[in-house]
Participant: 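Just passing along the structure, written as structure tokens.
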Number of protein chains: 2
Amino acid sequence: MSVKTNKAKASATASISAVAEHAGVSIATVSRVLNGTKAVNADTRARVEAAVGALGYRANALARSLMRGETRLLLVLVPDFANPYFAEIVKGVESVTRENGYGLVIAEASQTLSRDSAALDSLYNRMADGVISLARFADLKPLLQEIPDLPWVACSEFVDDSDVPSVSIDHRQAAIDAVQYLLNRGHQRIALLSASEDYRWARQRHAGYEFALRRANIPIEPQLVRVARGTDYVHGMDAAGALLAMEQPPTAVFAVADTLAIGAIKAFRRVGRRVPEDVAVMGFDDIPVAQVFEPALTTIAQPVRELGAAAAQLLLKRLAGGASESLTLDHALIVRASA
Amino acid sequence: MSVKTNKAKASATASISAVAEHAGVSIATVSRVLNGTKAVNADTRARVEAAVGALGYRANALARSLMRGETRLLLVLVPDFANPYFAEIVKGVESVTRENGYGLVIAEASQTLSRDSAALDSLYNRMADGVISLARFADLKPLLQEIPDLPWVACSEFVDDSDVPSVSIDHRQAAIDAVQYLLNRGHQRIALLSASEDYRWARQRHAGYEFALRRANIPIEPQLVRVARGTDYVHGMDAAGALLAMEQPPTAVFAVADTLAIGAIKAFRRVGRRVPEDVAVMGFDDIPVAQVFEPALTTIAQPVRELGAAAAQLLLKRLAGGASESLTLDHALIVRASA
DNA sequence: CTGAAAGCGCTTACAG
DNA sequence: CTGAAAGCGCTTACAG
């Protein structure tokens, strides 16, 4: 029986040595029964398990991680907690990480995010085994250079000239589909309500919008393109206001996010314009409120849960030493009432 | 210059000994300039800083935390990522933790959450310095017993016979205010759309509803009380359906969550009932969509950001050794169009 | 001001 | 099957 140095370590959680002492074995043995890593004699095991129970012992994750070289924690970078779209993706991520025994560290990756963020700083330093980023491309880029050796996976966003794999739908094609739908319904003056093009997806949806129009021989009218200052409902209202002021307003609006679409509809309604009779409005994302809102939103549905789940799987696979290739999932056009 | 044992540690991040070697000092000195904990000679400091820069060194947070006895990580338990109400609270939490150099580990605390969750399991074991819980009281209770020595703070929920401080509005009083408002508008048949009473707040709002009715000498009609099977929009629709089937339906509905209220309105609309003309609907929370929805929601606003921020402050104060007393913040009745 | 050494709580070859 | 010991990468008395 070994001699313990610090016997009365206050009320603090029992350590492995306390368990060893209690069971009359070495800490190595305790470790073995805890991890099932090596055969242990039946009654030795029983004694250890009894000691664990008696002391309410739980291995200190910090020490364990330090030795194992992994924390089983994944960092998730989201641009905005409040956007339901991101929340759904996180749910997808969570579903697979939970199954695999990983925890999630979530940080809001705003523009201001940088090395001065002590929180993130601590994470970079081996607190997480890898990161899943939904952050704006513009925010992501500089971060990548700072923390080169952590495995990254981008979700919805991506970084072309890098080895960061990504999981996403084909934003450009989805936008083409949306605009084509509007064209098919006879619209010729179609406005684009875009989001900050710090988001790669915003840029790509914008490209899809222009492509679809050009393909239909409709000239791009710069005034019909409005960039919202955020993705909250109010930002959609504001941006739509500008459209309202035009002498020849659009007959249809393609918004790159449902939140923006809903904000726009609100703005239109306020001045007595009916949707879709006077203006058709298409959204993007198919967030939960899209179907209960009135008029219910015609929108592009992203397989959000799957997006998150796939990103998590990709990262886990990579952590397990596997190769990681990017993935493109399918989108779908959901026709409801707003367009 | 000391001899390094493991020289070619692959590409892995530089360790403190690598920095020490590079700068020609001991690791103790490196630690001191890193932490500014003790005076260091100016040019020694310069040499160390140069080495840190050259090697791109960042302290290993795991080892550091193990020594310091703190991780500067806080665990946030949310019942549902998808509910905008919780998202806003998390934003409040994040604003203060970020300022204080703390990171957030977020886990979804569903009913199924238990010791089999490897993710949470690792957290309990000293991965987080404390926890802020928005979890259902019913889920929270058993967890508390498992991890007794972590400092907890409950937000919106609470645990009466424990030393867990909480930050919340007065849910019961808020419900009384809501129902009284409805009564003042002449309603007599007021339904309650409640949420799972695993949530303490649901139970309290329910109590407030009954109190207000009784105070007005209106008998409680059990059929007018419906418990939704969740807090998503669809759950509100479902629960409202039952109300619709009544021979003498209510003239007003008080929903304990905006999501539920919106779902109910949708259900009413589907069968041609107008809100608020045929049925008035009141919500609770004032989530972002409440004001853009049509009809805009009359609701009880909770100071969500403040709630989250206060919970974080309370926890931080406690971690700093301070005392922790519970806090009740003010709610507000927002009159818009739905009631 | 600086270094050698102990120690945080674990895991894992290495012997036996 | 089991233990003594080294080591993960740090921080911090203890000497000097």
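In what follows, every chain begins at residue 1, and chains take the letters A, B, ... in the order their sequences are listed. This one's a predicted model, so the numbers in the text were calculated from it and none came from an experiment.
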Participant: Could you give the CZ-to-C1' distance, from A/Arg72 to C/dT11, as a whole number of Å?
Facilitator: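 These atoms are roughly 15 Å apart.
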
Participant: For B/Glu70, what residues pass the salt bridge (charged side-chain N to carboxylate O under 4.0 Å, His left out) criterion, not counting sequence neighbours?
Facilitator: B/Arg72

Participant: Of the listed nucleotides (C/dC10, C/dG9, D/dC10), which one gets closest to any side-chain atom of B/Met67?
Facilitator: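 So the side chain of B/Met67 is nearest to D/dC10.
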
Participant: If the condition is side-chain contact (heavy atoms from CB on, under 4.5 Å), which residues does A/Ala87 pass it with, not counting sequence neighbours?
Facilitator: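 Scan of A/Ala87 (side-chain contact (heavy atoms from CB on, under 4.5 Å), adjacent residues dropped) gives none.
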
Participant: Measure the distance from CG on A/Asn60 to C1' on C/dT11 and round it to the nearest whole Å.
Facilitator: 13 Å

Participant: Going by side-chain hydrogen bond (donor to acceptor under 3.5 Å, both in side chains), name the pairs with one or both residues in residues 73-91 of chain B, residues two or more places apart or in two chains.
Facilitator: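 As it turns out, the side-chain hydrogen bond (donor to acceptor under 3.5 Å, both in side chains) pairs with a partner in residues 73-91 of chain B, which skip direct neighbours, are A/Asp80-B/Lys91, A/Lys91-B/Asp80, B/Asn83-B/Thr231, B/Tyr85-B/Ser156, B/Tyr85-B/Gln302, B/Glu88-B/Arg305.
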
Participant: According to side-chain hydrogen bond (donor to acceptor under 3.5 Å, both in side chains), who are the partners of B/Ser168, at least two apart in sequence or on a separate chain?
Facilitator: B/His171

Participant: Could you state the atom-to-atom distance from CG of B/Leu66 to C1' of C/dG9 in whole Å?
Facilitator: 6 Å

Participant: Specify the separation, in whole Å, of atom CE of B/Met127 and atom P of C/dC10.
Facilitator: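 Those two atoms, CE and P, are 12 Å apart.
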
Participant: Tell me every residue that passes side-chain hydrogen bond (donor to acceptor under 3.5 Å, both in side chains) with B/Asp129, counting only those two or more places apart in sequence or in another chain.
Facilitator: B/Thr71

Participant: Rounded to the nearest angstrom, tell me the gap between atom CD in B/Glu70 and atom P in D/dC10.
Facilitator: 16 Å

Participant: If pairs are Watson-Crick or G-U with both distances under 3.5 Å, what is the dot-bracket string of DNA chain D, marking crossing pairs with [ ] and pairs to another strand with |?
Facilitator: |||.||||||||.|||

Participant: In whole angstroms, how far is the P atom of D/dG7 from the CD1 atom of B/Ile16?
Facilitator: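 After rounding, the gap between these two atoms is 18 Å.
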
Participant: Report, one line per pair, each donor and acceptor closer than 3.5 Å where one atom sits in a side chain of residues 23-36 of chain A; sequence neighbours left out.
Facilitator:
residue, atom, partner, partner atom, Å
A/Ser26, OG, A/Ala28, N, 3.3
A/Ser26, OG, A/Thr29, N, 3.3
A/Ser26, OG, A/Thr29, OG1, 3.4
A/Ser31, OG, A/Asn35, ND2, 3.3
A/Asn35, OD1, A/Arg64, NH2, 3.3
A/Asn35, ND2, A/Ser31, O, 2.9

Participant: First locate atom CE of A/Met67, then atom CG of B/Leu66, and finally report the distance between them rounded to the nearest 0.5 Å.
Facilitator: 11.5 Å

Participant: By salt bridge (charged side-chain N to carboxylate O under 4.0 Å, His left out), which residues pair with A/Lys317, not counting sequence neighbours?
Facilitator: A/Glu325

Participant: Under a 4.0 Å heavy-atom cut-off, which of residues 42-57 of chain B touch DNA chain D?
Facilitator: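 By residue number: B/Tyr57.
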
Participant: Rounded to the nearest 0.5 Å, what's the gap from CE on B/Met127 to CG on A/Asn60? Could you check?
Facilitator: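 B/Met127 atom CE to A/Asn60 atom CG measures 8.5 Å (nearest 0.5 Å).
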
Participant: Would one find a side-chain N or O of A/Asn41 under 4.0 angstrom from OP1 or OP2 of D/dT2?
Facilitator: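 Looking at the OP1 and OP2 atoms of D/dT2, one of them is under 4.0 Å from a side-chain N or O of A/Asn41.
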
Participant: Round to a whole Å and report the spacing from CZ of B/Arg68 to C1' of C/dG9.
Facilitator: 17 Å

Participant: With sequence neighbours excluded, tell me which residues meet salt bridge (charged side-chain N to carboxylate O under 4.0 Å, His left out) with A/Glu94.
Facilitator: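 Residues passing salt bridge (charged side-chain N to carboxylate O under 4.0 Å, His left out) with A/Glu94: A/Arg98.
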
Participant: In residues 26-40 of chain B, what residues come within less than 4.0 Å of DNA chain C, judged by heavy atoms?
Facilitator: B/Ser26, B/Ala28, B/Thr29, B/Arg32, B/Lys38, B/Ala39, B/Val40

Participant: Output the rounded distance in Å from CD (A/Glu21) to P (D/dT2).
Facilitator: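 The distance from CD of A/Glu21 to P of D/dT2 comes to 19 Å, rounded to the nearest Å.
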
Participant: Going by the rule side-chain hydrogen bond (donor to acceptor under 3.5 Å, both in side chains), which residues pair with A/Arg45 if we only count those two or more places apart in sequence or in a different chain?
Facilitator: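 For A/Arg45 there are no side-chain hydrogen bond (donor to acceptor under 3.5 Å, both in side chains) partners, ignoring immediate neighbours.
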
